[in-house]
Amino acid sequence: MTGTTTNSIAAAPAVILFGSPGSGKGTQAKLLRQTIGPHISTGDMLRAHVRLDDDLGHRAETLIKAGKLVPDEVVNELVDERIQEPDCKDGLILDGYPRTVKQAQVLLNMMQRDGFRPAVVHLVVDYDKIVARLSGRRECPVCGTIYSLTSNPPKIAGKCDLDGSALVTREDDKESVIRERLREYDSQTLPILSFFKDAGVSLFEINGGEDSPQRILEKITERLSGKNGAPQESVRA
Ligand code: ADP
C-alpha cells in the first residue's frame, strides 16, 4: 500500500491516538478536533448503543463492563460507516481504534480506499499512574468533557464547568475492571505497534504522563506538522 490513491497529494490526515486506557487519548482528541477533524471514539459509539438499548448495545454492554474487547466485526463496521460521513473528508481522529491487529489491518485497507494518510500518536504512561488516574476520572454525560479529581477538578464539585450537568464515573473505571482493560491492552493492542511499523505507517511516541494536557497537545501538533524531525511517510506496502 502506498497511499497513492487518486487524491493522495491532498490525502486527509487520520490521526490514530494510541495508548493504554487512561493514557489521555480522549482528552487529546477533544483538543485536536478543532484543527484535524471529528473525534471518532469507538468506546463512545459503543456506549451510545448501550444507552439506546439496541441489539448492538446489548452485545457490547456485558463485555464493556467486564473490561473485555467487543468483537472486531462490530467495531470495524461502526468505523467503516463513520469515516465515510462528509465531515471526515478533510481529516479525522481515531480514539480507541484499532485495538487488535485484525482491526489495524481492516483500518489500513479503509484508509487506502478512502485516501486518508494515517499517523499514529502513541501516548505512553506508566501503568501505576493509570489506575490512580482512571479511578479519579469523571465525565460530563452531555458534552463529554473529562475531569480528573486530582489534576483537573471541576470548579463546582460534581458539576460540569461548561453546562452544569452532574458528572458521572464510568462503570468500567473500577479498579478490578481497569486492571482487566490493561491486560487486554497488553495482550491484544500493543502488538499493533509492530504491525504498523512493518507497514511503514508514520508513528511517534509522546510521554503522556508528565506534562499538562495543553503541553502534550503542543508536542503532538509539532510532531504532526513535521517539526522536530517527525516521520512524515505514508503507508508503505
Ligand atoms: P479506554 O481506552 O479508556 O479503555 P474506551 O472508551 O476506548 O476506553 O473503551 C471502553 C470499552 O469499549 C473497552 O474496554 C472495550 O470493551 C470497548 N471498546 C472500545 N473500542 C473498542 C475496539 N476498538 N475494539 C473492541 N472493543 C472496544
Side-chain angles (χ1 to χ4, degrees), residues 14-30 32-33 38-52 56-83 92-111 118 120-127 129-141 144-148 168-193 195-196 208-209 213:
V15 176
I16 301 167
L17 290 173
F18 189 91
S20 69
S23 57
K25 303 183 299 290
T27 300
Q28 290 304 317
K30 287 181 179 73
L32 278 166
R33 66 185 167 191
H39 168 199
I40 301 175
S41 156
T42 41
D44 286 349
M45 290 163 106
L46 292 167
R47 283 186 290 276
H49 281 279
V50 171
R51 280 194 299 275
L52 281 174
L56 200 160
H58 291 165
R59 278 196 284 158
E61 188 172 14
T62 324
L63 293 164
I64 294 175
K65 278 191 185 156
K68 300 278 185 198
L69 295 185
V70 169
D72 291 335
E73 314 78 70
V74 173
V75 280
N76 287 339
E77 200 177 321
L78 285 176
V79 173
D80 193 359
E81 280 177 13
R82 181 64 187 90
I83 68 172
L92 56 88
I93 303 158
L94 289 168
D95 159 14
Y97 181 91
R99 252 175 156 101
T100 64
V101 171
K102 181 70 203 160
Q103 291 177 23
Q105 287 165 336
V106 169
L107 175 67
L108 288 195
N109 287 334
M110 292 192 256
M111 300 276 92
V120 179
V121 176
H122 180 192
L123 294 169
V124 182
V125 183
D126 286 351
Y127 286 4
K129 284 202 176 146
I130 294 287
V131 178
R133 226 188 224 191
L134 287 181
S135 23
R137 175 161 78 175
R138 300 291 180 273
E139 210 169 273
C140 173
T145 302
I146 298 165
Y147 298 88
S148 154
V168 295
T169 307
R170 270 172 44 180
E171 280 201 58
D172 56 349
D173 280 346
K174 285 188 255 163
E175 185 165 342
S176 58
V177 184
I178 295 168
R179 295 206 182 277
E180 181 56 30
R181 284 156 66 200
L182 288 171
R183 274 193 291 275
E184 288 279 82
Y185 177 75
D186 280 342
S187 65
Q188 310 241 43
T189 307
L190 266 181
I192 298 179
L193 285 177
F195 168 79
F196 276 142

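Note that ligands are numbered from 1 as they come in the structure, with each ligand's atoms numbered from 1 the same way.
Remark: Arg183 does not engage Asp186 in a salt bridge, criterion side-chain N to carboxylate O under 4.0 Å. Under the 4.0 Å criterion applied to side-chain N and carboxylate O atoms, Asp173 and Arg181 are assigned as salt-bridge partners.
Evaluated by nearest non-hydrogen atom to atom 9 (O) of ligand 1, the leading choice among Arg99, Arg181, Lys65 is Arg99.
Under 3.5 Å, the side chains of Arg138 and Thr169 contain a donor-acceptor pair of N or O atoms.
Residue contact annotation: Glu184 has no non-hydrogen atom under 4.0 Å from ligand 1.
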_Working note: Lys129 + Asp126, criterion salt bridge (charged side-chain N to carboxylate O under 4.0 Å, His left out); need CA distance, chi angles, decisive distance, verdict._
CA-CA 6 Å; Lys129 284 202 176 146; Asp126 286 351; 5.5 Å; no
*Go through the steps to decide whether Leu78 and Leu56 satisfy the test side-chain contact (heavy atoms from CB on, under 4.5 Å), and finish with yes or no.*
CA-CA 10 Å; Leu78 285 176; Leu56 200 160; 4.2 Å; yes
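Counting heavy atoms closer than 4.0 Å to ligand 1, residue Glu61 contributes nothing at all. At a heavy-atom distance under 4.0 Å, only side-chain atoms of Val75, from C-beta outward, approach ligand 1.
Checking only distances, Lys25 does come within under 3.5 Å of ligand 1, N or O to N or O. Checked against a 3.5 angstrom limit, the closest N/O atoms of Thr42 and ligand 1 fall inside it. Below 3.5 Å of separation, one finds an N or O of Arg170 facing an N or O of ligand 1. Considering backbone and side-chain N/O atoms, Gln103 comes within less than 3.5 Å of an N/O atom of ligand 1. Looking at Asp172 next to ligand 1, no N or O pair under 3.5 Å apart turns up. Residue Leu63 places no N or O, backbone or side chain, under 3.5 Å from any N or O of ligand 1.
In terms of protein heavy-atom proximity, atom 15 (C) of ligand 1 is closest to Lys68 O, 3.5 Å. Here the protein heavy atom with the shortest distance to atom 18 (N) of ligand 1 is Leu46 CD1, 3.5 Å. Among protein heavy atoms, atom 26 (N) of ligand 1 sits closest to Val70 N, 3.0 Å. Shortest contact from atom 12 (O) of ligand 1 to any protein heavy atom: Ile64 CG1, 3.8 Å.
Arg59 has its side chain out of reach of Val70: every pair of non-hydrogen atoms, C-beta onward, lies at least 4.5 Å apart.
For ligand 1, the atoms closer than 4.0 angstrom to any heavy atom of Arg137 are 3 (O).
Ring geometry for Phe18 versus Tyr185: interplanar angle of 30 to 60°, hence tilted.
Going from atom NE2 of His122 over to atom CD1 of Ile16 covers 13.0 Å, rounded to the nearest 0.5 Å. Here the straight-line distance linking atom CE of Met110 with atom CG of Asp80 works out to 5.0 Å at 0.5 Å rounding.
In summary, of the residues considered (Lys102, Gln105, Gln103), a side-chain hydrogen bond (donor to acceptor under 3.5 Å, both in side chains) with Asp72 occurs for Gln103 alone.
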